[in-house]
Structures are given as structure tokens and as C-alpha cells.
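Have a look at the structure below, then the notes.
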Amino acid sequence: MGTLSVICLDLEGVLVPEIWINVAAATGIEKLKLTTRDISDYDVLMKGRIGILKENKLTLADIQNVIARMGPLKGALAFLDRLRGLSQVIILSDTFVEFATPLMKMLGWPTIFCNHLITENGMITGYALRQNDGKKHAVEALRGIGFRVVASGDSYNDVSMLAAAHAGVFFRPPATIAAEYPQFPITENYDELYAAIEKGLEIHP
């Protein structure tokens, strides 16, 4: 491509199913279906989740058991392998290492930048961000050391990352988010996303 480049991908909704939606399905707790597609303030979302877990006496192990039964989205692994032929790939996620590790194994151990949970006696009591708006800052840092960056995600918490990249692409976003941010092209399958990323990696005068 004539320059060093990095592709930055969100995890949930792009490569794997939404973890909390799967937890909601497994536990029958409807409120756990809410994600960053529904609530733009991540702190509000996470504090709400932690409160629900406490109320229902659900442990970290309970959630990890759900994750262990999950797998990548259909075609995700082949897509990721194909992307690696274009450029280096880094996953930028607001999930937690305690959730992500088995999923990374299923995806062939790609590099991931994410956060970690605070636990006490097996219960999730809080969370620690690597840094606020970490996805955006990671993209800005990569640009700062000379990489061309193309980013893709699907939710409110991906918008600043997409805006910070040389090119940002939505992957299957909700209609409400797509309507709010019409500047980002929308892709609905991995072939479309691959083509959009490939175009984004092209160098323009």
C-alpha cells in the first residue's frame, strides 16, 4: 500500500456476538440486553449492569460460563485471516480481559486493547478503563507514529474511533446510529467491510 497501516476493529457486533445480550438470554434478565447500541454513556451502562448482577447474585464465573459457549460470528475468523493479508489488525474494545480471553483464543489470538474488571469474592464490583475514550486515543497514537489507520465498529462507543481514523466504516449499525452519523459508510457483510477497508487503506494525494 506504500505506507505502514493498521486496521482497528471493534470486537462485539463486528467479530463476536454481543456478550451481554447472550448473558441476558441465558439468565432471562431483559435489562442486560442493553448495550452501547442503546446507551451512549458507557459509565451509566456499566454501573447499571453491575447493579443488576449484584441484585441477581450473578458472579464473574456465571458470565464466563456463558462466554465459553459463544463463538465468533459466522465468517468472522475467515474475514480476520483475510484482513491480515492487507495490514496489521488490532482489536479495540470496551470489553474486559476477563471476558475477552476465550474469544481471542477462538479468533487465533489477535492483539486486543481492552479494560479489566474489579472483583470481590467472585462478584463484579467495578471496572477500570485502560483510559477514557481509549479507542480514539489508540487510533490517534497509531497515527502519531506514522500509521495509516482504518477503523470499523457498530455502536456509539465506536464513533470517536471512526472519526479519529483516516477512514471510518460502520458494520451493521442500528438505523438510529447510522442516521446520526451519516458521514461513515455502512457495510452489512464481511465482503462489503473488506472492500471498504481496502479502499480506506489507499493513499490519496
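As the structure is a prediction and not an experimental result, all values here were calculated from the model.
For Arg82 and Asp191, the salt-bridge test passes: some basic side-chain N is under 4.0 Å from an acidic carboxylate O. With respect to Lys33 and Asp38, no salt bridge is recorded, no charged nitrogen being found less than 4.0 Å from a carboxylate O.
Linking Ile, Leu, Val, Met, Phe, Trp and Tyr residues whenever their side-chain heavy atoms come within less than 4.5 Å places Ile63 and Met106 in a single cluster. Phe96 and Ile118 fall into different hydrophobic clusters, defined by Ile, Leu, Val, Met, Phe, Trp and Tyr side-chain heavy atoms under 4.5 Å apart, directly or through other members. Both Leu86 and Val150 belong to a common hydrophobic cluster when Ile, Leu, Val, Met, Phe, Trp and Tyr are linked at side-chain heavy-atom distances under 4.5 angstrom. Placement of Val97 and Trp109 in two distinct hydrophobic clusters is found when ILVMFWY residues are connected by side-chain heavy-atom separations under 4.5 Å, directly or transitively. Cluster membership check: Trp20 shares its hydrophobic cluster with Leu34, using side-chain heavy-atom separations under 4.5 Å among Ile, Leu, Val, Met, Phe, Trp and Tyr.
A heavy-atom distance below 4.5 Å is found between the side chains of Leu11 and Met104. Looking at heavy atoms from C-beta onward, Leu83 lies out of side-chain contact with Leu193 at the 4.5 angstrom threshold. By the 4.5 Å heavy-atom criterion applied to side chains, Thr95 and Leu103 are not counted as neighbours. Counting only heavy atoms from C-beta outward, the side chains of Met70 and Val23 never approach each other to under 4.5 Å. For the pair Val139/Lys136, no side-chain contact is recorded, criterion being any heavy-atom separation below 4.5 Å from C-beta on. Counting heavy atoms from C-beta on, the side chains of Asn56 and Thr27 never come closer than 4.5 Å. Side-chain atoms of Ile50 and Thr125, non-hydrogen and from C-beta on, never get closer than 4.5 Å to each other. A heavy-atom distance below 4.5 Å is found between the side chains of Arg84 and Pro110.
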Problem set entry | Evaluation steps, side chain to side chain contact (heavy atoms under 4.5 Å, CB included), between Asp158 and Val14 | CA-CA 11 Å; Asp158 296 313; Val14 176; 5.8 Å; no
For this session: Apply the test side chain to side chain contact (heavy atoms under 4.5 Å, CB included) to residues Ile112 and Ser93: give CA-CA distance (whole Å), side-chain angles for both, the deciding distance (0.1 Å), then the verdict.
Result: CA-CA 7 Å; Ile112 183 171; Ser93 176; 4.2 Å; yes
Exercise. Can you list the steps and then say if Leu32 with Arg49 is a side chain to side chain contact (heavy atoms under 4.5 Å, CB included)?
Worked result: CA-CA 7 Å; Leu32 287 177; Arg49 288 167 170 168; 4.2 Å; yes
For this session: Please test Tyr181 against Ile177 for side chain to side chain contact (heavy atoms under 4.5 Å, CB included), starting from the C-alpha separation and ending with a verdict.
Result: CA-CA 6 Å; Tyr181 301 98; Ile177 296 177; 4.1 Å; yes
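Of all the heavy atoms in Glu140 and Ala164, the pair that sits closest is CG-CB, 4.1 Å. Closest of all the heavy-atom pairs between Ile186 and Pro173 is CG2-CD, 3.8 Å. In terms of heavy atoms, Pro17 sits closest to Pro72 at CD-C, 4.3 Å. Among all heavy-atom pairs drawn from Ala128 and Asn115, the shortest one is O-CB, 3.3 Å. When every heavy atom of Glu98 is checked against every heavy atom of Leu117, the shortest pair comes out as OE1-N, 3.1 Å. Contact detail for Arg130 and Gly134: the closest heavy-atom pair is NH2-O, 3.5 Å.
Here the straight-line distance linking atom CD of Gln131 with atom CZ of Phe113 works out to 10.5 Å at 0.5 Å rounding. In this structure, the separation between SG on Cys114 and NZ on Lys135 is 10.5 Å, given to the nearest 0.5 Å. Rounding to the nearest 0.5 angstrom, the gap separating the CD1 atom in Ile91 from the CD atom in Glu12 is 11.0 Å. Rounding to the nearest 0.5 Å places CD1 of Ile124 at 9.0 Å from CG of Leu58. Separating the NZ atom in Lys54 from the CE atom in Met123 is a distance of 8.5 Å, to the nearest 0.5 Å. Taking OH of Tyr127 as the start and NE2 of His116 as the end, the distance is 12.0 Å to the nearest 0.5 Å.
For the pair Arg148 (side chain) and Gly200 (backbone), a donor-acceptor distance under 3.5 Å is present. Listed for the Asp154 side chain is no donor-acceptor partner under 3.5 Å among the backbone atoms of Phe171. Checking side-chain atoms of Thr59 against main-chain N and O of Asp62 turns up a donor-acceptor pair under 3.5 Å. The closest donor-acceptor contact from the side chain of Thr111 to the backbone of Ile90 lies at 3.5 Å or more, if one exists at all. The main-chain N or O of Asp43 is found under 3.5 Å from a side-chain atom of Asp41 such that the two form a donor-acceptor pair. Not a single donor-acceptor pair under 3.5 Å links the side chain of Thr36 to the backbone N or O of Asn157. Judged by distance alone, the side chain of Arg143 and the main-chain N or O of Val149 form no donor-acceptor pair under 3.5 Å.
Between Tyr156 and Tyr42, the gap from one ring centroid to the other reaches at least 6.0 Å.
Between Tyr190 and Phe79, the ring planes are parallel. Angles under 30° get that label, and only those over 60° would be called perpendicular.
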